[in-house]
Amino acid sequence: IFIFGVTFMQLAYNHLRTNPDSSDIMLYYGTLGRSMLTLFMAISGGIDWKDAVAPLSTLSEIIDYLMGVYVFFTVFCFINVVTGIFVDNAKALGEQEMLHQRA
């Protein structure tokens, strides 16, 4: 979240230097904390990711794809790895429990 947050905040900062009246950009990406919060909300259901990228999409179409890569990576890859770790730990505990019951 941090790397993407810094990237989106920097894009917002560069845009705000030339267009200081962009309130949506300031709302979602005005500070690093707001950027990271926006990105977290985009993957956790707080806001739709398309709504989160809409203020920045006027800068370049590549930003839409960058947000899509971020959402894909975090939701499908990272969260599946974390889930796999929990399932593996539960399976190992279940096997230990079965060994204790047989003894």
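On a predicted model such as this, the values are computed, not experimentally measured, just so you know.
- Rounded to the nearest 0.5 angstrom, S44 OG and W49 CH2 are separated by 15.0 Å.
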Please test L37 against Y28 for side chain to side chain contact (heavy atoms under 4.5 Å, CB included), starting from the C-alpha separation and ending with a verdict. CA-CA 8 Å; L37 179 64; Y28 290 125; over 6 Å; no
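- Hydrophobic clustering (side-chain heavy atoms under 4.5 Å, transitive across Ile, Leu, Val, Met, Phe, Trp, Tyr) groups V6 together with L66.
- Following chains of ILVMFWY side-chain contacts shorter than 4.5 Å, one cannot reach F78 starting from F2, and the two form parts of different hydrophobic clusters.
- Note that the CG atom of L16 and the CE atom of M9 stand 11.0 Å from one another [nearest 0.5 Å].
- No continuous path of ILVMFWY side-chain contacts below 4.5 Å connects Y13 to F4, so the two sit in separate hydrophobic clusters.
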Kindly indicate, with the supporting measurements, whether the criterion side chain to side chain contact (heavy atoms under 4.5 Å, CB included) is fulfilled by M36 and F40. CA-CA 6 Å; M36 290 174 56; F40 177 73; over 6 Å; no
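- Contact annotation: the side chain of L56 never approaches that of M67 to less than 4.5 Å [non-hydrogen atoms, C-beta and beyond].
- For the atom pair OG of S57 and CD1 of I63, the computed distance is 7.5 Å after rounding to the nearest 0.5 Å.
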Evaluate the side chain to side chain contact (heavy atoms under 4.5 Å, CB included) criterion for residues Q10 and N14: first the C-alpha distance (whole Å), next the side-chain angles of each, then the deciding distance (0.1 Å), finally the verdict. CA-CA 6 Å; Q10 191 64 37; N14 289 337; 3.6 Å; yes
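- At least one donor-acceptor pair under 3.5 Å links the side chain of N80 to the backbone N or O of F76.
- Around CE of M41, the count of heavy atoms belonging to other residues, nucleotides or ligands within 6.0 Å exceeds 12.
- Going from atom OH of Y29 over to atom OG of S35 covers 6.5 Å, rounded to the nearest 0.5 Å.
- Rounded to the nearest 0.5 angstrom, F8 CZ and I25 CD1 are separated by 12.0 Å.
- Here F73 pairs with nothing under the ring pair (Phe, Tyr, Trp, His ring centres under 6.0 Å) rule; sequence neighbours left out.
- In this structure, OG1 on T38 lies 5.0 Å from CD1 on I47, to the nearest 0.5 angstrom.
- Y70 places a side-chain N or O within donor-acceptor distance of the main-chain N or O of L39, the cut-off being under 3.5 Å.
- The shortest distance between side-chain heavy atoms of T74 and I79 does not fall below 4.5 Å.
- Heavy-atom neighbours of L93 CG from other residues, nucleotides or ligands within 6.0 Å: above the threshold of 12.
- Of the possible donor and acceptor atoms, none in the side chain of R34 sits under 3.5 Å from a partner among the backbone N and O of M26.
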